[in-house]
Engineer: 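Before I ask anything, let me first share the structure, which is written out below as structure tokens.
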Amino acid sequence: MLYLLLSDIHANLEALDAVLADVSRRYPSVDRVLCLGDLVGYGADPELATDRIKAISNVVIRGNHDKAVALGENLDWFNPAARDATYWTLRQLHTETLDYLRNLAKGPVAVNGFQICHGSPLDEDEYIITRGDAEHLDGRLETGIIFFGHTHLQGGFRILRGQVMEIPRPTPHDTESVPIEEDSYYLLNPGSVGQPRDQDPRAAYAVYDSDSKLYTMHRVEYDIASAQRKILDAGLPEKLAFRLSIGR
Ligand code: ZN
């Protein structure tokens, strides 16, 4: 089975379309599309981006921004720009789209021997950023592979007998493959499609081939200027446009 992993799209249609074009060129036969949440928030195309994900994904779980928009949750934790973007997004969405976001599953969700979650398998809003964060999960993971998002940092961690090793992102290249070993646990982040924060502004995604046990991360150039122009034209906070060109 070939799984496509998409996370943290954040209403960035230019990035999402560039990723989907890259996927169809590299992988003409994806079996299942898994989305790890944050379809909306920050970007200028929440309706269209949600439509795309809804049309192609087999399993979609909710992110903290989806919850904030559809359920009014987590807003107290948001910085002013994220909060402004949440209210703006709420005004753009059709009722059916809001219903769709409201009904997204809460992670973790089990998929064929592995799990997907937004933040961490223990708490959908928790960030796995450092080796210490991964260490804290050692002994508490239910499956050998967990795919997660939320941090917008592509890469992740391998845990082998209590030792945590970092899995690097492809930067400066566009592809990095990781063979999955039976003896280890893996926490794998496909990166953010629509708002990367790992100092590489290119859109991020990953695929997992469960037959060959190979996990492959990709980075894709996209039309950042168009996505930024739409954010500014919409009257969304300027910093949300600016950060796209620096990937932070
Ligand atoms: Zn996010």
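Every heavy atom of this structure was used, including side-chain atoms; hydrogens, water molecules and symmetry mates were not. Read the numbers this way: they start at 1 and go in the same order the structure lists the ligands and their atoms.
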Engineer: Say whether Ser245 and Gln228, considering side chains only, have a donor N or O and an acceptor N or O under 3.5 Å apart.
Structural biologist: yes
Engineer: Indicate yes or no: does Asp200 engage Arg169 in a salt bridge with an N to O separation below 4.0 Å.
Structural biologist: no
Engineer: Are any of the side-chain nitrogens in Asp198 or Arg248 under 4.0 Å away from the carboxylate oxygens of its partner?
Structural biologist: no
Engineer: Tyr3 vs Tyr208 aromatic rings, parallel, tilted or perpendicular, using cut-offs 30° and 60°?
Structural biologist: parallel
Engineer: Using a cut-off of 2.8 Å, find all protein N, O or S atoms closer to the Zn ion (ligand 1) than that distance.
Structural biologist: Asp8 OD1, His10 NE2, Asp38 OD2, His152 NE2
Engineer: Quick one: are Leu13 and Glu47 in side-chain contact, heavy atoms under 4.5 Å?
Structural biologist: no
Engineer: Is there a donor in the side chain of Thr151 and an acceptor in the side chain of Asn189, or the other way round, less than 3.5 Å apart?
Structural biologist: yes
